[in-house]
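FYI, side chains are in, hydrogens and waters are out, and symmetry mates aren't considered; it's all heavy atoms of this structure. All ligand and atom numbering here is 1-based and tracks the order in the structure.
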Amino acid sequence: MTIRGSHITGWGTALPDQVVTNADFEARLDTSDTWITERTGIKERRFGGTTASLAAEAGKMALESAGLLPSDIELLILSTTTPDLTTPATSSIVQNTIGTRGGAFDLNAACAGFVYAMVVAGGMVKMGANRVLVIGSDTLSKITDQNDRSTAVLFGDGAGAIVVELDPTEDKILSYDLGVDGSAVPILYCNHGGYMTMEGREVFKKAVRVMVESSRNVLESAKLTSDDIALVVPHQANLRIIEAANQRLGIPMDKTAIVLDKTGNTSSASIPLALADAAEKGKLKEGDNVLFCGFGAGMTWSSAVVRWSKS
Ligand code: UT7
């Protein structure tokens with residue numbers, strides 16, 4: 001029987017050249033490498049580029065890795081919280097740089113946006129699209145007050161992308177869970193033209209709770225247990241958040257993709273950056289069950305279980 005399932009067939013990444021280390025913050029703010037490392041797990045992050053330029057670089061790499069041409073793409077979805085312009089959508093600039101066909105739009109679900117976009121891509125494949133380029137790109141350094149130690153040390157810039165293609169044999173997106181609790185807007189937000197404002201401790205507590213609940217939801221829908229998961233690809237905000245969620249889910253840290261020590265929190269880019277890193281290090285085998293889990297301002301959350309199958 002032919003079905004309109006989806007699978008991930010390629011991935012790409014882009015990070016700006018400027019490396020900002022904890023020592024750089026230590027030199028000009030009342031903070032220390034020890035505090036940042038112990039409280040967050042972050043050692044360095046990258047600053048620079050535009051959301052569109054990073055997105056286009058990651059998107060082109062993803063096409064190459066999938067063995068596709070830009071004209072093969074029928075839809076481009078760009079997950080971002082930091083669009084380059086108010087209008088048009090940043091995906092228009094990315095479309096023009098890469099040369100994709102079909103529609104393009106931005107999606108904003110904060111740091112949960114990439115998994116939202118991947119799930120929407122799977123839905124669009126069901127509706128007839130054969131190849132969708134999904135990119136997560138953010139330049140959070142632009143909306144972070146670099147003199148506020150409580151946020152400055154956390155965020156970085158970057159992009160990651162995947163290609164979602166038709167799989168006529170099986171839907172490799174086994175299950176998904178998308179959610180939002182709009183009553184939590186005041187604990188993490190950024191006004192137009194302003195800087196990110198965050199009640200860190202509140203976000204931390206809620207993040208652990210939603211990651212655990214949402215992960216349990218997708219495991220149950222996929223009829224799997226945490227033992228069946230070969231790799232977790234969580235949103236890279238804080239190592240302690242990931243450790244706390246993993247512990248409650250019974251998933252060991254060695255089955256977890258981590259890049260936040262090198263990237264900081266890159267919002268929409270964090271999950272595809274971590275996925276690409278794991279793939280390049282050979283941590284993903286054909287048939288592996290991969291648990292994606294994101295959370296962010298809104299408060300949004302998004303999880304999915306995907307069976308890894310590039311071919
Ligand atoms: O993508 C989603 C976005 N955000 C997140 O996921 C962030 C979630 N929250 C967190 O990751 C953590 O809450 C933080 C890393 C932001 C903070 O860690 P914490 O362990 O929750 O610390 P805290 O906010 O309770 O602050 C503890 C102390 C405070 O000092 P007092 O009041 O105890 O004297 C802060 O002023 O640490 C102080 N502090 C710092 N000290 C040195 C806050 N930032 C810094 C800093 N360096 N950079």
Side-chain angles (χ1 to χ4, degrees), residues 20-45 79-82 108-117 136-160 179-182 184-190 194-212 214-215 233-246 257-261 263-274 292-303:
V20 180
T21 64
N22 290 351
D24 293 330
F25 284 108
E26 209 171 47
R28 59 177 195 82
L29 293 178
D30 181 15
T31 189
S32 65
D33 174 47
T34 309
W35 190 96
I36 303 168
T37 306
E38 283 175 2
R39 300 292 178 118
T40 71
I42 298 166
K43 296 298 277 183
E44 59 187 48
R45 65 296 284 148
S79 166
T80 187
T81 313
T82 48
N108 180 352
C111 306
F114 185 80
V115 178
Y116 263 76
S137 181
D138 268 305
T139 45
L140 292 171
S141 65
K142 287 189 303 204
I143 60 161
T144 305
D145 179 353
Q146 296 301 333
N147 293 314
D148 172 8
R149 68 174 186 177
S150 68
T151 51
V153 301
L154 303 175
F155 300 107
D157 305 334
V180 63
D181 172 8
V185 169
I187 64 170
L188 180 52
Y189 65 92
C190 178
Y195 289 132
M196 221 133 33
T197 303
M198 181 172 73
E199 286 176 40
R201 219 175 289 186
E202 267 314 295
V203 175
F204 190 111
K205 278 191 282 184
K206 284 190 194 299
V208 174
R209 201 176 311 143
V210 298
M211 279 181 85
V212 172
S214 186
S215 297
V233 188
H235 172 45
Q236 312 276 308
N238 184 325
L239 190 62
R240 284 160 54 223
I241 293 179
I242 297 171
E243 284 169 347
N246 268 21
I258 301 289
V259 290
L260 62 78
D261 51 326
T263 62
N265 180 347
T266 55
S267 190
S268 290
S270 88
I271 286 181
L273 283 171
F292 292 86
C293 187
F295 62 89
M299 180 174 228
T300 52
W301 60 88
S302 55
S303 298

Applying side chain to side chain donor-acceptor pair (under 3.5 Å), can you list everything that pairs with Asp261, at least two apart in sequence or on another chain?
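So Asp261 forms no side chain to side chain donor-acceptor pair (under 3.5 Å) with any residue.
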Residue list, side chain to side chain donor-acceptor pair (under 3.5 Å) with Asp138, at least two apart or on another chain
Thr80, Thr82, Ser267, Ser268
Within the structure provided, determine whether His235 and Met211 are in side-chain contact (heavy-atom separation under 4.5 Å).
no
Within-4.5 Å side-chain heavy-atom neighbours: Thr31 and Ile36
yes
Which protein residues have a heavy atom closer than 4.0 Å to any atom of ligand 1, listed by chain and number?
Asp30, Thr31, Trp35, Arg39, Thr40, Cys111, Arg149, Ser150, Val153, Leu154, Leu188, Met198, Gly200, Arg201, Val203, Phe204, His235, Ala237, Asn238, Arg240, Ile241, Asn265, Phe295
Kindly say whether Ser141 contributes a backbone atom to a donor-acceptor pair with the side chain of Asp157 at under 3.5 angstrom?
yes
List the atom pairs, donor and acceptor, that lie under 3.5 Å between side-chain atoms in residues 194-204 and the rest of the protein, sequence neighbours left out.
from   : atom 1 : to     : atom 2 : distance (Å)
Thr197 : OG1    : Tyr195 : O      : 3.4
Glu202 : OE2    : Lys205 : NZ     : 3.1

